[in-house]
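Below: one structure, written as structure tokens.
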Amino acid sequence: MPEVTFVQAVNQALMYEMGADERVVVLGEDVAATGGVFRATEGLVERYGADRVIDTPISETAIAGMGIGLAAEGMRPVVEIQFTGFIYPALDQLLNHASRLRNRTRGRLTCPMVLRAAGGGLIKSPEHHSDTPESLLAHVPGLKVVIPSTPAQAYGLLLAAIRDPDPVVVLETSRLYRALREDVPDDGVALPIGMSFVRREGTDLTLVTWGGMVPDVLAVADELAVDGIEAAVIDVASISPLDMGPILESVARTGRCVIVHEAARQAGFGAEIAARLADEGLTSLAAPVTRITGYDAIYPLARLEGRYVPDRRRITAAARKLLEYA
Amino acid sequence: MPEVTFVQAVNQALMYEMGADERVVVLGEDVAATGGVFRATEGLVERYGADRVIDTPISETAIAGMGIGLAAEGMRPVVEIQFTGFIYPALDQLLNHASRLRNRTRGRLTCPMVLRAAGGGLIKSPEHHSDTPESLLAHVPGLKVVIPSTPAQAYGLLLAAIRDPDPVVVLETSRLYRALREDVPDDGVALPIGMSFVRREGTDLTLVTWGGMVPDVLAVADELAVDGIEAAVIDVASISPLDMGPILESVARTGRCVIVHEAARQAGFGAEIAARLADEGLTSLAAPVTRITGYDAIYPLARLEGRYVPDRRRITAAARKLLEYA
Amino acid sequence: MATVAPFDIPYTRIIAPDGSVDGDLPDFARDPAGVIPLYRAMVRTRTFDARAIALHRTGRLGTYPSGLGQEAVGAGIAQAMQAEDVLVPAYRDTGAQLGRGVTPFELLMYWGGDERGSDYSGPRRDFPVSITVGEHPPHAAGVALAMQIRREPRVAVCTLGDGATSKGAFYEAINVAGSMWLPLVVVIVNNQWAISAPRAIQSGAQTLAQKSVAAGFPGEQVDGNDVVAVADVCTRAVERARAGEGPTLIEAITYRLGDHTTVDDARRYREDAEVSRAWANEPIGRIRAYLVAAGAWTKEDEEGLLAECAAEIDRAAEEYLATPGMPVEAMFDHLYEERPPNVEAQRRQAMRESVADA
Amino acid sequence: MATVAPFDIPYTRIIAPDGSVDGDLPDFARDPAGVIPLYRAMVRTRTFDARAIALHRTGRLGTYPSGLGQEAVGAGIAQAMQAEDVLVPAYRDTGAQLGRGVTPFELLMYWGGDERGSDYSGPRRDFPVSITVGEHPPHAAGVALAMQIRREPRVAVCTLGDGATSKGAFYEAINVAGSMWLPLVVVIVNNQWAISAPRAIQSGAQTLAQKSVAAGFPGEQVDGNDVVAVADVCTRAVERARAGEGPTLIEAITYRLGDHTTVDDARRYREDAEVSRAWANEPIGRIRAYLVAAGAWTKEDEEGLLAECAAEIDRAAEEYLATPGMPVEAMFDHLYEERPPNVEAQRRQAMRESVADA
Ligand SMILES: Cc1ncc(C[n+]2csc(CCOP(=O)(O)OP(=O)(O)O)c2C)c(N)n1
Ligand SMILES: Cc1ncc(C[n+]2csc(CCOP(=O)(O)OP(=O)(O)O)c2C)c(N)n1
Ligand SMILES: [Mg+2]
Ligand SMILES: [Mg+2]
């Protein structure tokens with residue numbers, strides 16, 4: 001079984017599900033003729049035809065809005081917004097419409113659509129290509145938001161998203177697209193949405209993260225282990241619905257938690273997890289819940305971007321500091 | 001000095017500042033001819049003319065985007081989005097552009113614009129008129145977000161917002177527009193943005209809230225006082241920049257905190273405050289940080305909306321429960 | 001300097017305001033009896049409208065947007081559509097909805113503040129009304145794309161106001177429709193006002209129909225107070241779309257005789273004289289005149305129709321007023337197909353508090 | 001059915017691809033010497049472009065969108081504008097920016113990943129490039145509104161691609177401009193491609209110029225590879241706007257000879273043959289042919305110009321490469337005029353970590 005990259009896993013999931021379910025259609029900018037600017041949709045139009053793999057005009061509002069119409073009519077649209085920074089013109093469609101259609105009609109019309117977008121920094125791309133708007137989306141009742149961190153998650157969660165009867169936003173991290181490889185059996189088996197994955201067990205401290213920061217956090221845990229510090233690493237993967245179980249269980253053991261994300265800190269999704277800890281997990285906490293995040297600053301251009309995204313040193317320092325609490 | 005309502009205070013601030021600064025212009029839907037659907041801009045066009053008080057087409061994206069162009073050219077636009085539920089098509093302009101212009105150009109071009117919108121529920125209005133999207137906006141570096149709760153705040157914070165050299169979103173709560181009256185001297189004195197107001201001192205428990213929930217929270221504190229429970233009430237007023245000082249100080253005394261807001265809980269702005277407490281205030285906490293909020297559900301139509309917004313009973317119950325912790 | 005692309009916008013009227021025939025009668029209207037269903041639909045719409053306003057006035061209905069004066073547009077659109085087509089309406093398109101089979105009871109439930117009102121028993125695939133102005137045309141484009149992909153002979157019809165044509169989402173949708181040649185008909189209900197903004201505020205364009213030029217497909221104006229013309233123009237557009245001949249943009253020119261909604265007072269911003277003039281042009285009288293002149297409609301017919309409509313709406317109002325609201329847990333029951341744990345927990349909590357209340 | 005509104009779209013070309021005169025020469029071009037500044041501007045732009053690509057190839061510049069083949073549009077626009085006007089450009093409008101006085105050094109800084117590159121020393125009020133496709137026309141409309149309110153004889157000029165015309169923000173902006181009759185000129189740089197999407201994907205509209213019909217003001221096409229025609233058409237539009245005669249939409253028809261950006265490979269989605277054909281039409285050769293035929297340009301002139309441009313860009317590249325990056329605190333220094341406490345705290349923390357790094 002050949003190893004696949006993250007972006008190949010995305011492609012594999014789309015190939016699989018378009019084959020399995022003829023209601024699945026893919027639309028977005030540059031998804032057909034060139035197979036996506038990252039090649040995530042490569043080969044789909046050749047295999048499934050121009051009726052089901054559709055290059056759209058540059059119209060993010062209409063792309064998301066048409067997804068709603070398609071979904072309400074019983075299709076399974078997978079729409080692509082090329083980069084997270086271009087999701088904002090689609091937000092009205094997601095917030096006011098996609099998320100609400102089922103409730104507004106008491107289940108008469110539903111919106112089983114998937115919206116994929118690539119984001120996250122450190123690939124020296126132009127402005128607006130590195131945004132991480134997950135907390136905005138996680139605030140919207142009626143939406144689901146998943147952020148895979150590995151090829152296997154990319155495959156399994158995208159399948160789950162397409163099969164989900166409700167709208168799911170899948171945020172993919174572009175710097176992971178070709179950074180990781182692993183065996184991903186093309187067996188059509190989905191991973192559950194709404195489950196946090198324990199990526200590493202540990203009793204000294206709990207590191208909570210998702211998406212693009214997962215490799216760094218795992219690396220930090222490895223470094224700490226060299227010094228005999230055993231950090232649990234929890235990969236949230238679905239931020240909405242959020243599975244707090246493993247986080248609460250781990251913190252009950254460790255009493256210490258560092259939450260790591262790339263988005264700006266204020267009102268970032270780390271706040272929700274910290275807030276849940278301050279409520280349901282308070283008695284476990286032996287040390288302040290620490291967030292290591294992007295700064296509350298505009299994501300910088302390429303020359304400075306390496307200083308914006310949390311790096312291993314910042315995470316390690318925070319972890320070590322928590323261990324100083326008795 | 002006659003008492004004014006909240007909406008009159010908004011009007012008074014606009015009148016004042018348009019008189020004091022000819023760079024101030026007001027634009028939006030229905031702001032001129034009919035003086036705003038809530039009459040917030042009533043009389044402005046008669047006083048300052050159609051050049052400075054402008055009825056626009058129904059184009060939220062362009063309204064916000066033109067605000068940016070006006071501001072960059074040295075005007076002081078105050079743009080109105082009629083209801084918070086219609087702010088989403090303007091988000092791209094706020095997030096990608098208004099908030100970033102100064103940083104992108106290293107201060108060469110700036111964006112001293114104000115965007116006002118009315119929201120919050122319980123006025124039996126149609127769908128999308130009751131949204132409380134504050135946490136989305138508070139996540140955006142480069143923006144400021146204020147949410148006045150009294151006529152005096154409406155006046156003072158709006159003046160401050162107009163004079164602010166950076167973009168400020170002012171979220172007004174429509175059910176407060178005519179609910180409260182107070183003396184508001186029309187003296188052109190602004191209130192500081194970025195300051196939490198201690199609305200009530202108290203040593204037993206800290207209630208933190210803003211905007212539309214403030215009257216209810218104050219009422220709860222009064223009720224509790226009848227039983228000898230002294231609750232501090234902190235009215236955050238500016239959620240970005242957030243002034244944690246008074247909250248941390250109060251919780252240092254009380255050890256107990258209930259955060260109340262109307263927006264959905266998950267990734268709502270209450271999470272940010274709770275997260276700050278779980279970090280900077282952890283050692284003070286004697287009881288779980290509790291959030292009493294709107295449910296993670298779609299804001300319901302009129303018949304059920306009263307069950308969505310936190311009511312005094314829910315807040316009181318939460319407060320009393322916290323006092324059970326030793 | 002050469003001219004490379006010429007365009008023009010046609011206008012259709014068939015029955016003049018005085019009820020006289022002013023154009024080519026379409027087939028369905030050759031026999032005046034063919035016009036009677038349209039007349040009945042308009043009167044039914046107006047009856048509903050008046051009752052809704054009365055219910056609001058007495059505190060028994062929420063904010064309601066009257067369609068007074070615009071009845072011809074809804075009746076004409078509904079006649080043009082087949083059951084299997086899909087309507088994606090704006091909030092004031094009550095007439096079209098009634099014609100599609102949405103019941104007066106459902107409409108009252110919705111405007112009375114109960115989500116169940118959008119669970120239409122008749123046109124199961126029609127969209128609920130869009131309160132967001134002009135954000136719904138992309139949904140209609142998506143519906144049309146689904147029909148096109150599946151090669152179904154169906155059509156999506158989207159209605160929206162003159163004000164809504166200023167929205168980017170409207171434009172993106174018609175532009176995509178032109179690019180993909182979708183089976184979509186978009187009807188602009190130009191009632192001259194968008195709350196307090198007169199038509200001139202919305203656009204410098206001489207007609208709203210010409211917005212279609214930007215999207216590369218035909219646009220046309222129709223006298224929106226002439227139900228025969230509306231039905232004819234819409235039917236032709238819908239059938240072109242069904243035959244794969246692409247989208248059409250129709251500007252139906254009418255007038256909002258009432259306030260914007262029951263919480264608006266239009267006297268603040270428009271002249272009574274303008275409204276009076278517009279009354280002379282309203283759609284129901286002219287068709288009555290036409291039918292009466294053609295000997296196809298009697299005083300008895302009229303009285304019968306009014307009584308029938310009143311009785312139907314009475315029954316609907318009674319049923320609406322007698323329907324209890326939903327319990328608090330209803331808020332959580334259609335958020336997702338399966339409730340996630342956090343939603344389940346909040347639902348239980350809300351129910352507990354509900355019991356405590358009782 | 002009566003026709004109520006006719007429109008048509010003109011097209012202008014003055015110098016044909018072979019360098020012959022094919023239309024009415026505008027005043028400035030009567031003497032071929034008047035065309036030389038435009039020629040020089042195009043060559044300078046192309047020199048910059050080639051250098052930027054070379055810097056990217058050697059890892060010393062970020063992603064860069066080449067404007068190869070589109071030089072006439074930028075040169076023509078810049079000539080049409082006065083210093084006090086405001087340009088609101090898209091990312092590929094390097095030529096217009098150079099013409100406006102943005103320096104090659106600044107452009108390299110920006111595309112090299114340094115925000116200081118958008119702190120233009122020349123046109124202080126010009127906007128930085130919009131990476132967001134088609135979201136910037138509203139800014140231009142706002143700038144134009146400021147000018148109109150203050151009764152200044154200034155004009156806002158917005159440039160954007162063919163793909164950007166599919167965006168709702170573009171439409172809302174032109175619609176508002178038509179409604180408010182703003183001093184705004186919008187130039188669509190139709191280079192036939194939007195990454196991999198050919199022009200036909202974007203819209204069913206026969207021309208992009210006709211998008212203006214939806215907004216109620218004139219639209220016209222111009223041969224975007226004919227710098228004389230671009231300058232002429234733009235100048236007339238800018239001067240109309242300045243005189244209060246309203247907005248204009250110009251579609252400049254050109255071709256993107258290069259990849260979408262330095263990280264794109266256009267061979268994946270378009271035929272080499274198409275590109276070869278387009279080269280025959282590129283803008284610089286035709287003007288050189290025109291000038292040479294008119295006896296206004298010699299081999300020595302050409303060599304001198306190339307050397308001059310190369311030297312200027314060399315200097316800029318050296319300065320760019322020698323400029324150290326900003327320290328970490330720069331991230332916080334222009335977020336707000338005054339740093340709020342949380343930003344201040346994060347800034348200090350970032351600086352501490354920076355010191356720890358060193
Ligand atoms: C996106 C959006 N912006 C603003 C509003 C507030 N609003 C409600 S109705 C209306 C006017 C709409 O006018 P038009 O489209 O002509 O429809 P009409 O009311 O005349 O039927 C406005 C501005 C809204 N509902 N949605
Ligand atoms: C709002 C938005 N959507 C998508 C993108 C991704 N993107 C970058 S360039 C481009 C094509 C733009 O084509 P066009 O407007 O014709 O300009 P050109 O690149 O040809 O100069 C796209 C889709 C973007 N930058 N912004
Ligand atoms: Mg209208
Ligand atoms: Mg292009």
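Numbers restart at 1 for each chain; the letters A, B, ... are given by sequence-line order, proteins then strands. All heavy atoms count here, side chains included; hydrogens, waters and symmetry mates do not.
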Side-chain donor-acceptor pair under 3.5 Å between C/Q346 and B/D296, yes or no? yes

Counting a contact as any heavy-atom pair under 4.5 Å apart, which residues of residues 319-331 of chain C contact chain B? C/Y320, C/T323, C/P324, C/G325, C/M326, C/P327, C/V328, C/A330, C/M331

B/T34: which residues meet the side chain to side chain contact (heavy atoms under 4.5 Å, CB included) condition with it, sequence neighbours left out? B/D30, B/R39, C/S196, C/R268, C/Y269

Side chain, backbone, both or neither: which part of C/Y64 has a non-hydrogen atom closer than 4.5 Å to chain B? neither

Taking every non-hydrogen atom, the tightest pair across C/K167 and C/V133: CG-O, 3.3 Å

Out of B/A317, B/A297, B/P89, B/S125, return the one with the most heavy atom pairs under 4.5 angstrom to chain C. B/A297

Show your reasoning for whether side chain to side chain donor-acceptor pair (under 3.5 Å) applies to B/Q8 and B/Q12. CA-CA 6 Å; B/Q8 285 166 340; B/Q12 186 169 295; over 6 Å; no

Per-residue contact mode, B/E305 against chain C (heavy atom under 4.5 angstrom): neither

Under 4.5 Å from any heavy atom of chain C, what part of B/Y295 do you find: side chain, backbone, both or neither? both

Please give me the minimum heavy-atom distance between C/Q210 and C/T207, naming the atom from each residue. OE1-OG1, 2.7 Å

On a heavy-atom basis, which atom in C/S203 and which in C/K211 lie closest, and how many Å separate them? OG-NZ, 3.0 Å

Start with the C-alpha distance between B/F38 and B/F83, add both sets of side-chain angles, then the distance that settles ring pair (Phe, Tyr, Trp, His ring centres under 6.0 Å), and finish with yes or no. CA-CA 10 Å; B/F38 288 108; B/F83 287 93; 5.5 Å; yes

Honestly, the part of C/D114 sitting under 4.5 Å from a heavy atom of chain B is both

Which residue out of C/A350, C/G161, C/S166 racks up the most heavy-atom pairs below 4.5 Å with chain B? C/S166

Are the side chain of C/E106 and the backbone of C/S121 linked by a donor-acceptor contact shorter than 3.5 Å? yes

Checking side chain to side chain donor-acceptor pair (under 3.5 Å) for the pair C/E274/C/W193: CA distance, chi angles, key distance, verdict? CA-CA 12 Å; C/E274 176 183 307; C/W193 290 91; 2.8 Å; yes

Residue C/L335 versus chain B: region with a heavy atom under 4.5 Å: side chain

Using a 3.5 Å distance criterion without hydrogens, assess whether the side chain of C/S66 forms a donor-acceptor pair with backbone atoms of C/L68. yes

Residue among C/Y110, C/W111, C/F170 with most heavy-atom pairs under 4.5 Å to chain B: C/Y110

Need one label for C/A169: side chain, backbone, both or neither, based on atoms under 4.5 Å from any heavy atom in chain B. neither

Is it the backbone or the side chain of B/Y308 that comes under 4.5 Å from a heavy atom of chain C, or both, or neither? both

Would C/Y255 and C/N190 satisfy side chain to side chain donor-acceptor pair (under 3.5 Å), going step by step from the backbone distance to the final call? CA-CA 7 Å; C/Y255 192 86; C/N190 176 1; over 6 Å; no

Comparing B/P300, B/G306, B/A33, B/G35 against chain C, the one with the most heavy-atom pairs below 4.5 Å turns out to be B/P300

Only counting residues at least two apart or in another chain, list the ones meeting side chain to side chain donor-acceptor pair (under 3.5 Å) with C/H139. A/Q93

Any residue of residues 256-264 of chain C which, by heavy atoms, sits under 4.5 Å from chain B: none

For C/R267, is it the side chain, the backbone, both or neither that has a heavy atom under 4.5 Å from a heavy atom of chain B? neither

If you count heavy-atom pairs under 4.5 Å with chain B, which of C/I195, C/T63, C/D265 comes out on top? C/I195

Select, from C/N342, C/T165, C/V343, the one with the greatest count of heavy-atom pairs under 4.5 Å involving chain B. C/N342

